[in-house]
*Asks:* 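Pasting a structure here, questions to come.
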Amino acid sequence: MMAPIKKKIIVVGGSLGGLSAAICLRDLGFSVSVFERSSNKLFGKGAGIALNPYMLRFLQRYPSFEFSERSLSAEQLRYLDLSPSKDREHPAVFKLSSYNSLYISLLQIFGTENYHLSCEVTGISQTPDKVAVTTSEGRTHECDLLICADGTESSSRILLSGRDNSRYSGYYAWRGIVKDDHLPPYLVKRCEEAVTYHLRSDGHLLSYAIPFFETDEKGETVRSTYINWLWYRNLPSTKELNSLLVDQSGNRKSKSVSKHKVRPQLIEALKQDADGVPEHFRQLIKCTSAPFIQAVFDHGVDRMVYGRVCLVGDAAFSVRPHTAVGTTKAFEDAIQLYYALKEYGNDIESALRSWEQKQLKLGRQVLERSKEVGESLQRGCWSSDFLPPFGLYKGGDSCIWDESTESSDAV
Ligand SMILES: Cc1cc2nc3c(=O)[nH]c(=O)nc-3n(C[C@H](O)[C@H](O)[C@H](O)COP(=O)(O)OP(=O)(O)OC[C@H]3O[C@@H](n4cnc5c(N)ncnc54)[C@H](O)[C@@H]3O)c2cc1C
């Protein structure tokens with residue numbers, strides 16, 4: 001007897017949200033292909049990502065995900081003041097990773113056979129039974145379900161909904177990573193011990209240590225420790241934001257200017273401004289060769305499902321980074337999609353409708369909480385008595401590590 005033909009899924013976007021969905025749904029028996037616009041794998045990119053028990057529940061199903069190799073632990077929360085006698089410390093355990101480390105793990109799990117680079121989706125159309133996607137090369141591919149994981153600037157979302165409702169939050173972040181051997185050993189130790197904040201009336205700074213994977217001169221993958229830092233600064237004027245987002249070649253970027261593209265005079269001004277922050281952050285900033293800029297935007301959708309097409313991760317809701325769950329939320333969208341499709345079997349549209357109700361609720365909750373926390377942190381209203389606001393379903397569900405979640409039932 002011939003094996004039944006597997007239903008086909010195309011995932012638009014091969015970053016963390018797209019790969020987690022692709023892995024989950026392949027496990028459920030679908031034939032899954034990932035279309036990624038970038039011509040190169042996303043190895044060398046990104047900075048720090050806080051792990052969340054919900055994300056770990058998913059990753060620990062795969063033996064190739066080596067938890068201890070892919071993350072670092074910090075066992076304290078530290079608030080630094082300009083006057084060191086007012087510094088505060090609280091015991092709190094965090095598991096910290098990096099974009100690069102998670103991306104490598106997910107790509108290893110999914111494999112590269114059905115991961116297509118230089119494959120930009122430019123058109124979507126559908127009949128009641130099938131979805132057709134067109135790529136920039138002019139080719140058309142059919143599938144039974146299309147998952148759009150194409151990020152905060154999702155062109156799929158705009159194609160489907162006809163609008164983009166992103167709103168600038170009124171602040172942006174300078175970000176950087178610096179390798180441990182570029183820093184004094186005592187500072188590396190302090191960065192490894194604690195997630196460190198400095199609260200100001202006009203913003204806040206944050207640092208923590210992350211694992212990072214690089215290829216050495218022999219072509220072997222080696223793990224290093226980098227320190228990840230962020231400086232969130234208020235900038236209400238969109239005119240000033242627009243000028244900040246002009247890169248070295250004079251191009252106006254929409255939301256971020258990546259490493260090595262930021263104009264040198266802006267980096268010089270940043271390093272001068274660093275004279276006004278505690279020494280811990282001053283040293284991190286001054287030792288970073290290629291800081292980058294990311295403006296903070298909010299956006300959320302009213303619909304995540306259009307027939308047999310759905311939006312996941314940042315394409316649906318892009319939340320402010322202070323809750324540290326952008327990636328976890330993308331994983332949760334994927335895991336819940338797995339459950340819905342498992343429950344409804346071949347009835348993809350009913351599965352999507354049921355999934356959408358839950359994920360819209362989650363997305364709205366996280367978006368609202370991330371806005372509240374962001375306003376509090378940026379307006380000098382956050383207290384050094386508070387634990388950080390990391391959390392998916394509720395504030396704090398990522399920072400106090402509950403060992404039992406590591407072995408709880410996964411997908
Ligand atoms: C290179 C990179 C580095 C990042 N680094 C960090 C980090 O250090 N810390 C952090 O907290 N978050 C980081 N993020 C964001 C983080 O990945 C997301 O917030 C979260 O994981 C949800 O991801 P996502 O997959 O929904 O969206 P994203 O991660 O934004 O991925 C969207 C993907 O879709 C692709 N794409 C877009 N349009 C198309 C199209 N038309 N056709 C095909 N592909 C398309 C993009 O190239 C991208 O790879 C990074 C994202 C990227 C892409």
Side-chain angles (χ1 to χ4, degrees), residues 10-23 33-52 55 58 96-107 110 115-124 133-137 139 141 146-160 166 173 175-177 206 208 210-212 226 228-230 254-256 258-259 292 294 296-297 299 301 304 310-334 359 363 366-367 370 390 392 398:
I10 293 176
V11 178
V12 188
S15 177
L16 306 183
L19 278 170
S20 57
I23 291 166
S33 302
V34 175
F35 290 1
E36 167 55 47
R37 172 178 65 184
S38 167
S39 52
N40 296 310
K41 291 183 188 141
L42 310 170
F43 285 144
K45 309 265 173 101
I49 291 186
L51 292 183
N52 179 300
M55 197 194 298
F58 166 85
L96 303 157
S97 188
S98 59
Y99 181 88
N100 148 291
S101 170
L102 290 176
Y103 176 77
I104 290 172
S105 304
L106 292 182
L107 193 59
F110 185 67
Y115 186 85
H116 306 287
L117 292 167
S118 301
C119 202
E120 180 175 6
V121 169
T122 51
I124 301 172
V133 296
T134 316
T135 61
S136 52
E137 301 155 325
R139 294 185 61 192
H141 306 258
L146 179 69
I147 298 178
C148 302
D150 49 350
T152 181
E153 295 184 60
S154 167
S155 52
S156 310
R157 181 180 71 237
I158 297 165
L159 284 171
L160 293 162
S166 291
R175 301 182 61 177
I177 55 172
L206 170 67
Y208 53 87
I210 57 171
F212 201 87
Y226 276 70
N228 176 62
W229 60 265
L230 300 107
S254 57
K255 291 182 178 164
S256 58
S258 54
K259 278 181 219 167
F292 56 106
Q294 194 160 14
V296 178
F297 279 78
H299 89 78
V301 292
M304 292 169 78
C310 65
L311 298 167
V312 301
D314 283 2
F317 288 90
S318 177
V319 302
R320 298 191 194 183
H322 322 295
T323 46
V325 288
T327 303
T328 308
K329 186 177 63 57
F331 275 52
E332 192 68 359
D333 285 343
Q359 299 319 106
V366 184
L367 181 60
S370 75
F390 297 179
L392 182 65
S398 309

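Whatever order the structure lists them in is the order used to number ligands and atoms, beginning at 1.
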*Asks:* Quick check: do Ile23 and Phe58 have side-chain heavy atoms less than 4.5 Å from each other?
*Replies:*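 They are in side-chain contact.
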
*Asks:* If hydrogens are left out, which of Glu120, Glu36, Gln294 has an atom nearest to atom 49 (O) of ligand 1, that is, the closest non-hydrogen atom?
*Replies:* Glu36

*Asks:* Is it possible for you to check whether Lys329 lies under 6.0 Å from the centre of the six-membered ring of Phe317, through NZ or CZ, and within 45° of that ring's axis?
*Replies:* no

*Asks:* Within a distance under 4.0 Å of any heavy atom of Gly17, pick out the atoms of ligand 1 and give their elements.
*Replies:* 23 (O), 24 (P), 25 (O)

*Asks:* Counting from 1, what ligand 1 atoms have a heavy atom of Ser155 closer than 4.0 Å?
*Replies:*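 It comes down to these atoms of ligand 1: 41 (N).
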
*Asks:* Would Arg175 count as a contact of ligand 1 if the rule is a heavy atom under 4.0 Å away?
*Replies:* yes

*Asks:* Heavy atoms only: which of Gly123, Cys148, Ala149, Ser39 lies closest to atom 33 (C) of ligand 1?
*Replies:*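 Minimum heavy-atom distance to atom 33 (C) of ligand 1 goes to Ala149.
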
*Asks:* With a 4.5 Å heavy-atom cut-off, do Val325 and Phe390 have their side chains touching?
*Replies:*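 Result no, sub-4.5 Å side-chain heavy-atom pair not found.
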
*Asks:* Does one side chain, of Tyr99 or Thr327, offer a donor that lies under 3.5 Å from an acceptor on the other?
*Replies:*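 The answer is no; no qualifying pair exists.
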
*Asks:* Would you say Ser15's side chain and Gly17's backbone share a donor-acceptor pair under 3.5 angstrom?
*Replies:*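 Absent.
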
*Asks:* Counting C-beta onward and ignoring hydrogens, is there a side-chain heavy-atom pair between His299 and Ser154 closer than 4.5 Å?
*Replies:* no

*Asks:* For atom 20 (C) of ligand 1, which of Leu42, Thr327, Val12, Val325 has the closest heavy atom?
*Replies:* Thr327

*Asks:* Determine whether Thr135 and Phe35 make a side-chain contact, defined as any pair of heavy atoms from C-beta on separated by less than 4.5 Å.
*Replies:*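 With C-beta onward as the side chain, the pair touches.
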
*Asks:* For Gly48, is the nearest heavy atom under 4.0 Å from an atom of ligand 1?
*Replies:*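 A heavy atom of Gly48 does come that close to ligand 1.
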
*Asks:* If the cut-off is 4.0 Å to any non-hydrogen atom of Phe35, which atoms of ligand 1 fall inside it?
*Replies:*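 The list of qualifying atoms is 43 (C), 44 (N).
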
*Asks:* For Cys119, is the nearest heavy atom under 4.0 Å from an atom of ligand 1?
*Replies:* yes

*Asks:* Gly313 heavy atoms, cut-off 4.0 Å: which ligand 1 atoms fall inside?
*Replies:* 26 (O)

